[in-house]
Colleague: 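So that we are looking at the same thing, I have put the structure below in structure tokens.
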Amino acid sequence: MQALRAGEVVAFPTETVYGLGGNAQHAGAVQKIYALKERPAAHPLIVHLDSARFLHRWARDVPEAAAKLAEKFWPGPLTLVLPRAPTVLDLVTGGQDSVAIRVPAHPMAQQLLRAFGGGVAAPSANRFGHVSPTRAEHVREEFGEALRVVLDGGECQVGLESTIVSCLEGEVRLLRPGLISLAQLRRELGDAVGTATPSAPRVPGSAEAHYAPSTPLRLVADGQIERLVAELSRGGKRIGVLAQRSPLGSFRHVTWVNAGTRLDHYMHDLYANLRTLDRAGTCCLLVQDVPKDERWDAVRDRLTRAAAATPAEFGDLP
Ligand code: TXA
Ligand code: MG
């Protein structure tokens with residue numbers, strides 16, 4: 001808290017992923033966040049608040065739909081994009097006329113935000129383009145000594161970044177899927193909730209290659225995994241597999257993670273699993289395609305982006 005006051009940057013846990021936070025009204029602090037993350041400065045940040053009590057200091061207008069969602073889902077894994085108040089720094093909004101706001105539920109985040117009183121600008125606490133951290137040790141892996149304060153709140157309960165919904169110009173749009181699904185949003189607001197369009201506000205997560213481990217990754221159909229493992233590992237190369245079941249048969253050169261079929265567990269473990277497989281010395285990761293149903297949208301979204309970051313040489317699977 002002292003550190004935030006002094007314009008320092010602090011990593012803290014939220015129920016989604018760890019954040020790299022700084023005083024949202026302090027340009028120096030926000031610049032430090034960009035510098036640490038090595039993130040391009042035009043990518044806007046989420047402002048974290050302890051509750052909706054000072055929301056009007058950040059948003060010049062809170063449409064009825066936004067107020068409804070805030071009432072229902074805050075504190076929780078939901079970010080609302082609203083028309084910005086004039087005093088919000090351009091560095092935070094990326095110069096846009098909107099600002100992203102979230103009220104996290106994690107007790108340690110709540111404690112920090114309440115004691116601080118103001119808004120904390122915080123992206124996920126990973127270097128630009130990397131997998132988000134869901135444990136304090138992941139944050140250490142990302143930044144090492146470059147980051148002085150990391151608050152350790154254990155494992156993040158949700159494990160995937162918040163659902164982002166924009167409420168601008170009378171339209172409600174889902175910009176980034178998360179634990180809170182499109183169906184849940186529609187239950188609150190009706191079918192008028194749309195999804196992102198090419199002209200929708202910028203979400204760098206929506207740049208194709210994002211959330212990527214450093215090992216090339218491919219999504220593969222359930223029935224193809226064993227055949228591909230056998231063929232790819234023929235020369236003694238180690239293959240990583242993230243599946244929802246155990247392997248059929250035994251393979252010598254495979255690190256196989258069975259993430260199970262329960263969505264909440266799968267989400268909770270996804271980034272930690274990708275980090276584990278990344279470290280296992282594998283030449284490529286095969287990820288079993290996840291179920292098509294809408295509840296899995298958020299997971300599918302992250303996996304598809306991770307696969308999109310894979311260089312083309314890995315494109316030709318046998
Ligand atoms: O769960 C989360 O949201 C985590 C935790 C730490 O709160 N934070 C997070 O931050 O995922 P970050 O920076 O990795 O992703 C925030 C996303 C970005 O894709 C950014 O473009 C989008 O929010 N965003 C921020 N302000 C926006 C705005 N005004 N309009 C549209 N998108 C915005
Ligand atoms: Mg991020």
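Along the sequence shown, the residues carry numbers beginning at 1. Numbering of ligands and ligand atoms starts at 1, following listing order. What you see is a predicted model; the values in this text were computed from it and never measured.
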Colleague: Taking only heavy atoms of I164, which atoms of ligand 1 are found under 4.0 Å from at least one of them?
Modeller: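 Counting atoms of ligand 1 from 1, those under 4.0 Å from I164 are 17 (C), 22 (C), 23 (O).
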Colleague: Within the side chain of E142, is there an N or O that forms a donor-acceptor pair under 3.5 Å with the backbone of R127?
Modeller: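 Judged by distance alone, yes, a pair lies under 3.5 Å.
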Colleague: Can you list the atoms of ligand 1 that are under 4.0 Å from a heavy atom of L45?
Modeller: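 Selected atoms, number and element: 25 (C), 26 (N).
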Colleague: Short N/O distance, under 3.5 Å, between S162 and ligand 1?
Modeller: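 Right, the criterion is met.
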Colleague: Should you measure from each heavy atom of Q96, which atoms of ligand 1 turn up under 4.0 Å away?
Modeller: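 The atoms of ligand 1 under 4.0 Å from a heavy atom of Q96 are 28 (C), 29 (N), 30 (N).
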Colleague: Charged N to carboxylate O below 4.0 Å: is that the case for K32 and E8?
Modeller: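 A salt bridge is present here (some side-chain N lies under 4.0 Å from a carboxylate O).
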Colleague: Looking only at distances, please establish whether an N/O atom of ligand 1 is found under 3.5 Å from an N/O atom of K37.
Modeller: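 N/O-N/O distance below 3.5 Å does not exist for this pair.
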Colleague: Got an N/O contact under 3.5 Å between R176 and ligand 1?
Modeller: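 R176 vs ligand 1: N/O contact under 3.5 Å present.
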Colleague: Flag the pair R295 and D264 as a salt bridge only when some basic side-chain nitrogen lies within less than 4.0 angstrom of an acidic carboxylate oxygen.
Modeller: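 No.
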Colleague: Please list, in number order, the atoms of ligand 1 under 4.0 Å from a heavy atom of T16.
Modeller: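 Taking each heavy atom of T16 in turn, ligand 1 has 1 (O), 2 (C), 4 (C), 5 (C) under 4.0 Å.
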Colleague: Please state whether the rings of H43 and F128 are parallel, tilted or perpendicular, taking 30° and 60° as the class boundaries.
Modeller: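 The arrangement is tilted - the two ring planes meet at 30° to 60°.
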Colleague: Considering both backbone and side-chain atoms of T14, is one of its nitrogen or oxygen atoms within less than 3.5 Å of a nitrogen or oxygen in ligand 1?
Modeller: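 Looking only at distances, the answer is no, because the N/O contact criterion of under 3.5 Å is not met.
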Colleague: Taking only non-hydrogen atoms of H43, do any sit less than 4.0 angstrom from ligand 1?
Modeller: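 The answer is no: ligand 1 sits nowhere under 4.0 Å from a heavy atom of H43.
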Colleague: A100 heavy atoms, cut-off 4.0 Å: which ligand 1 atoms fall inside?
Modeller: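 Listed by number with element: 25 (C), 26 (N), 27 (C).
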Colleague: May I ask you to identify, for R84, whether its side chain, its backbone, both or neither come under 4.0 Å of ligand 1 on a heavy-atom basis?
Modeller: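 No part of R84 is near ligand 1 at this cut-off.
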Colleague: Just jot down the ligand 1 atoms closer than 4.0 angstrom to any heavy atom of G19, in number order.
Modeller: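 Those of ligand 1 that fall under 4.0 Å from G19 are 6 (C).
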Colleague: Would you call R60-D97 a salt bridge at under 4.0 Å N-O?
Modeller: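 Salt bridge flag = yes for D97 with R60.
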Colleague: Give the numbers and elements of all ligand 1 atoms closer than 4.0 Å to a heavy atom of P123.
Modeller: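 Contacts of ligand 1 toward P123, numbered from 1: 10 (O), 12 (P), 13 (O).
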Colleague: Run down the list P44, A121, P13, A122 and name the one with the heavy atom closest to atom 24 (N) of ligand 1.
Modeller: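 When every heavy atom of P44, A121, P13, A122 is considered, P44 comes closest to atom 24 (N) of ligand 1.
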Colleague: Pick out which of R135, H130, R275 makes a side chain to side chain donor-acceptor pair (under 3.5 Å) with E141.
Modeller: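 Running side chain to side chain donor-acceptor pair (under 3.5 Å) over R135, H130, R275 with E141 returns exactly one hit, R275.
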Colleague: Which residue in the set V172, V165, I164 passes side-chain contact (heavy atoms from CB on, under 4.5 Å) when paired with L80?
Modeller: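 Running side-chain contact (heavy atoms from CB on, under 4.5 Å) over V172, V165, I164 with L80 returns exactly one hit, V165.
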Colleague: Would you mind running through ligand 1 and noting each atom that sits below 4.0 Å from a heavy atom of H48?
Modeller: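 That gives atoms 5 (C), 6 (C), 7 (O) of ligand 1.
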Colleague: Are V139 and I46 grouped together when hydrophobic residues (ILVMFWY) are joined by side-chain heavy atoms under 4.5 angstrom apart?
Modeller: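 No, because V139 and I46 fall into different hydrophobic clusters, even though each may have its own neighbours under 4.5 Å.
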Colleague: Side chain, backbone, both or neither: which part of E161 has a heavy atom under 4.0 Å from ligand 1?
Modeller: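 It is both backbone and side chain that touch ligand 1.
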Colleague: Any N/O of S98 closer than 3.5 Å to an N/O of ligand 1?
Modeller: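 Yes, at least one N or O pair falls under 3.5 Å.
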Colleague: Would you mind telling me if ligand 1 is within reach of the side chain of R39, the backbone, both or neither, using heavy atoms under 4.0 Å?
Modeller: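 For R39, only side-chain atoms sit under 4.0 Å from ligand 1.
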Colleague: Any N/O/S atom, backbone or side chain, of S124 lying under 2.8 Å from the Mg ion (ligand 2)?
Modeller: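 Here the distance criterion (N, O or S atom, under 2.8 Å) is met by S124, so yes.
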Colleague: Donor-acceptor check, side chain of R300 to backbone of P291, threshold 3.5 angstrom: yes or no?
Modeller: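 Present.
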Colleague: Looking at K68 and E188, is there a salt bridge between them, counting it only when a charged N and a carboxylate O are closer than 4.0 Å?
Modeller: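 No, no charged N to carboxylate O under 4.0 Å.
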Colleague: Same hydrophobic cluster for L69 and L175, using side-chain heavy-atom links shorter than 4.5 Å among ILVMFWY?
Modeller: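 L69 does not cluster with L175.
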Colleague: Can you see which heavy atom on V9 is nearest to which on L147, and at what distance?
Modeller: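 In this case the closest contact between V9 and L147 is O-CD1, 3.8 Å.
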Colleague: Heavy atoms only, cut-off 4.0 Å: how does T93 contact ligand 1, side chain, backbone, both, or neither?
Modeller: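 Neither; nothing of T93 gets under 4.0 Å from ligand 1.
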